[in-house]
Number of protein chains: 4
Amino acid sequence: MASVGKRLPRSVREQQMLDAAIREFAQHGFHAANMDAIAERAGVSKPMVYAYLGTKDELFVACLRREAGRLLEAVAGVVDSDLPPDQQLWRGLRGFFAYVGKHRDGWAVLYRQARSREPFASELAAMRRAMVEVIAERLALALAGHGRSVPAEELESIALALVGAGESLADRLVDTPQEDPERVATRMMGAIWLGAERQLHGEVWRTHQDQSA
Amino acid sequence: MASVGKRLPRSVREQQMLDAAIREFAQHGFHAANMDAIAERAGVSKPMVYAYLGTKDELFVACLRREAGRLLEAVAGVVDSDLPPDQQLWRGLRGFFAYVGKHRDGWAVLYRQARSREPFASELAAMRRAMVEVIAERLALALAGHGRSVPAEELESIALALVGAGESLADRLVDTPQEDPERVATRMMGAIWLGAERQLHGEVWRTHQDQSA
Amino acid sequence: MASVGKRLPRSVREQQMLDAAIREFAQHGFHAANMDAIAERAGVSKPMVYAYLGTKDELFVACLRREAGRLLEAVAGVVDSDLPPDQQLWRGLRGFFAYVGKHRDGWAVLYRQARSREPFASELAAMRRAMVEVIAERLALALAGHGRSVPAEELESIALALVGAGESLADRLVDTPQEDPERVATRMMGAIWLGAERQLHGEVWRTHQDQSA
Amino acid sequence: MASVGKRLPRSVREQQMLDAAIREFAQHGFHAANMDAIAERAGVSKPMVYAYLGTKDELFVACLRREAGRLLEAVAGVVDSDLPPDQQLWRGLRGFFAYVGKHRDGWAVLYRQARSREPFASELAAMRRAMVEVIAERLALALAGHGRSVPAEELESIALALVGAGESLADRLVDTPQEDPERVATRMMGAIWLGAERQLHGEVWRTHQDQSA
DNA sequence: TATGAATGAGTTTTCATTCAT
DNA sequence: AATGAATGAAAACTCATTCAT
């Protein structure tokens with residue numbers, strides 16, 4: 001259906017299958033996704049899918065990995081570790097939202113699926129932790145540059161909140177065709193960075209803080 | 001198994017079933033959850049479950065609603081709309097994390113499940129939107145109190161980021177037994193509010209902002 | 001198909017299913033046997049089979065066990081351990097062949113199937129070993145009664161040969177409708193016992209034995 | 001994998017394939033045996049297997065035939081029809097067990113497998129019948145040499161029992177690496193021949209025989 | 001000669017769901 | 001009110017077998 005040509009080399013077919021699978025997974029969710037449907041979308045018989053990409057689980061993981069890789073490239077390609085931290089953050093976010101906005105069927109949706117379904121959740125959780133680590137580290141570097149330091153736990157919470165906020169905005173971006181990735185990135189910088197910066201400069205929010213101080 | 005089929009009144013039975021269902025859903029996820037298992041956990045035969053709570057989907061929705069209701073109560077019970085906005089936020093967050101921390105099998109898990117699975121996703125999305133609205137509104141009120149205003153879109157993004165950050169931290173809270181809800185709430189205030197406040201006071205983050213200013 | 005009645009108690013249905021399964025297995029062999037066909041033969045839907053008797057493997061084992069039990073009863077019921085060993089052997093054989101002859105679809109065929117297919121083979125091998133042990137023991141007792149003894153290994157080989165001969169004759173019995181179980185038993189006694197007796201009396205066959213001695 | 005696709009002559013390739021197939025069949029049984037695996041073991045692509053040896057069934061039969069032929073040679077090569085019957089039997093058995101002991105994969109797998117699986121069973125049954133005939137004939141000749149005769153049916157039963165005992169011992173031989181073929185053959189002669197001889201000499205076992213006589 | 005690519009057809013197994021009692 | 005008995009429907013996965021190159 002998707003293609004007419006027969007007898008293509010393996011690498012090509014695999015990409016077709018991944019494309020098909022990603023669409024199907026994105027549309028119906030992991031469970032409701034149907035191996036028959038995936039095969040049909042790819043213009044291939046089911047056994048080919050199994051032969052090339054294995055089990056449904058394995059196939060899903062393959063999709064996840066391909067999309068994660070692409071996203072990573074898209075982000076890594078625009079972040080330069082010599083820049084000041086807020087510029088890094090900004091570029092990273094812009095790259096991230098741009099990618100998500102461009103591939104509305106890709107990463108973000110799979111990610112949603114995977115987060116709640118073992119055995120993918122664990123794998124994803126690891127990726128996520130890695131990303132949180134990276135961000136926390138950048139923040140620590142930025143602090144060090146200002147001669148300050150903040151407890152690691154604190155930093156991780158900031159990073160985690162940041163990631164969560166990013167996911168949340170990405171979700172909306174995916175579901176809202178007219179939304180502009182660049183604007184989303186800008187807003188997120190506004191919502192997050194300004195506060196993070198204050199924290200990094202030593203300000204603390206306290207239950208009974210004196211607001212005017 | 002859980003109880004000895006004692007000819008209980010309908011409302012009690014229903015609660016038992018919901019308890020059982022929530023555990024099962026939390027443990028295995030919506031799809032892998034098994035109606036047989038739920039019935040057994042509830043100490044009831046399957047037809048009873050169907051008679052009282054309907055289809056698997058309906059049952060899940062019932063679970064969702066009960067937990068959402070309880071969470072809402074928990075939060076609404078501690079927020080007083082006469083307080084200054086940051087205090088409202090703080091109390092709301094504390095209530096939220098406290099509830100999530102106490103019912104690790106409840107809301108957060110169902111929520112995770114539901115977000116990626118139609119037809120629940122839409123319903124959840126609605127709840128979520130409502131919550132974002134509420135928060136955005138509070139922020140607007142606070143601003144008005146300071147004689148300022150910010151475009152509605154901006155406010156919603158802030159609120160959305162806030163909600164996302166909250167979910168993210170709640171997720172970790174659920175998965176991390178030793179984590180203390182109070183501390184999580186405090187950190188979140190730090191990570192978010194400080195920044196939101198700056199935004200609310202008119203500061204803006206810009207691509208080429210002058211960092212030293 | 002086999003029955004018309006609906007809504008029968010579990011125990012009855014289980015027997016019907018076992019009957020059906022045994023026929024199917026006997027007719028087509030384990031692998032080629034078809035769960036659909038078994039269900040149909042039993043006049044039941046497939047899920048019932050799975051619900052009551054489990055997996056194809058488990059079902060086969062259940063068949064095996066039922067038939068083994070019946071055979072055992074049939075044999076044990078006619079052997080009296082107070083009789084002299086040759087009488088025990090004779091009665092055991094007669095019971096065995098009689099049973100096999102009467103249930104040509106039952107034990108012998110399943111046994112054939114099972115011997116070559118893991119994971120049943122191991123289980124069967126155990127039964128077989130047990131039977132060989134029992135026979136070897138009887139032989140040892142008989143010898144002791146005559147004040148003689150023979151190395152255990154030797155005895156086991158005799159017993160094993162005996163069992164093999166029995167299986168062989170049983171196989172033919174199953175495939176040869178006109179054959180008479182009683183006659184088969186008699187012949188086997190002739191072919192085996194006369195020789196065993198000589199061995200038990202101390203005679204030995206040797207490569208270069210003097211035949212006239 | 002086994003060899004490096006060297007453009008070998010057909011006959012060689014065929015033998016390699018048969019070797020591979022026999023191993024696979026022996027290891028997994030006919031059904032579970034996998035054509036892919038066989039091809040891989042043979043270091044050849046699947047279409048080659050089909051081109052040279054045909055269908056899975058045909059391939060199995062080919063294996064069967066090759067092994068049967070070799071076994072036959074091994075036995076026929078050592079039996080001299082001028083020898084006295086017990087010597088013929090002895091040599092035959094020794095040859096048989098020696099072969100089985102040396103080619104554990106061939107015998108066990110093929111023969112064991114084939115006995116329970118149509119359409120091979122019939123073919124095997126024929127071989128078996130032939131062998132029983134041959135043995136019965138030898139026995140008849142031996143009897144004639146002594147001026148005696150025994151009903152054909154009787155002889156066949158003896159032969160059949162003999163074959164069964166042989167198979168049984170062969171099976172154990174296959175499963176018991178430390179067992180010595182020569183010893184097995186000796187024991188079988190002891191267990192079987194002594195009795196057969198008595199029968200051939202006119203003794204009969206009877207239900208109520210006088211044991212002391 | 002030799003093979004990577006491709007598939008039709010079938011199997012076991014599982015579940016949500018509903019009668020009949 | 002309550003349940004054991006029963007099933008329709010579907011989904012994942014496998015394999016022997018054959019083209020097209």
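In the text below, chain A, chain B and the rest are named by the order of the sequence lines, each starting its count at 1. As the structure is a computational prediction, the values presented were derived from the model and not from experiment.
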inquiry  = With the threshold set at under 4.0 Å for non-hydrogen atoms, list the residues of residues 55-64 of chain A touching DNA chain F in residue-number order.
reply    = A/T55, A/K56
Length of the [atom1]-[atom2] vector between [X] and [N], whole Å:
X	N	atom1	atom2	result
C/H28	E/dT11	NE2	C1'	15 Å
D/L53	F/dA16	CG	C1'	15 Å
C/Q16	F/dA5	CD	P	13 Å
A/I38	F/dA11	CD1	C1'	12 Å
A/E24	F/dA12	CD	C1'	14 Å
A/R7	E/dG4	CZ	P	12 Å
A/M48	F/dC15	CE	P	17 Å

query = Of C/D36 and A/P47, whose nearest nucleotide on DNA chain E comes first from the 5' end?
reply = A/P47
remark   = When C/H31 and A/R10 are each assigned the nearest nucleotide of DNA chain E, the 5'-most assignment goes to A/R10
Shortest non-hydrogen separation from [X] to [Y] and the atoms involved:
X	Y	value
A/D57	A/F120	O-CE2, 3.7 Å
B/D105	B/R23	OD2-CG, 3.8 Å
A/L124	A/W107	CD2-CH2, 4.3 Å
B/V49	B/V44	N-CG1, 4.5 Å

message = Using a 4.0 Å heavy-atom cut-off, does C/A33 contact any base of the nucleic acid, only the sugar-phosphate backbone, or nothing at all?
response = sugar-phosphate
query = Looking across every strand, which nucleic acid part, if any, lies under 4.0 Å from C/A39 by heavy atom: base, sugar-phosphate, or nothing?
reply = nothing
Ignoring hydrogens and geometry, is there a side-chain-to-backbone donor-acceptor pair from [X] to [Y] under 3.5 Å?
X	Y	value
D/E24	D/I38	no
B/Q113	B/F30	yes
C/K56	C/A33	yes
B/E58	B/T55	yes

key: Out of F/dT3, F/dA16, E/dT3, whichever nucleotide has its closest atom nearest the side chain of D/M35   = F/dA16
Stems formed with participation of DNA chain E [Watson-Crick or G-U wobble, under 3.5 Å, three or more pairs] = E:2-21 with F:2-21
ask   = Per the atom types in the model, does the base of E/dT18 pair as donor or acceptor with the side chain of B/K46 at under 3.5 Å?
value = no
Respond yes when some side-chain nitrogen or oxygen of [X] is under 4.0 Å from OP1 or OP2 of [N], and no when none is.
X	N	result
A/N34	F/dA12	yes
C/Y52	F/dG4	no
A/R13	E/dA6	yes

ask   = Are B/R10 and B/Y52 in a cation-pi contact, defined as NZ or CZ under 6.0 Å from the six-membered ring centre and within 45° of the axis?
value = yes
First of C/A51 and B/S45 reached from the 5' end of DNA chain F, by closest nucleotide = B/S45
inquiry  = Nearest heavy atom decides the nucleotide; on that basis, is A/Y50 or D/G54 closer to the 5' end of DNA chain F?
reply    = A/Y50
request  = Salt-bridge test for A/D19 and A/R66: reply yes if a basic N is under 4.0 Å from a carboxylate O, no otherwise.
outcome  = yes
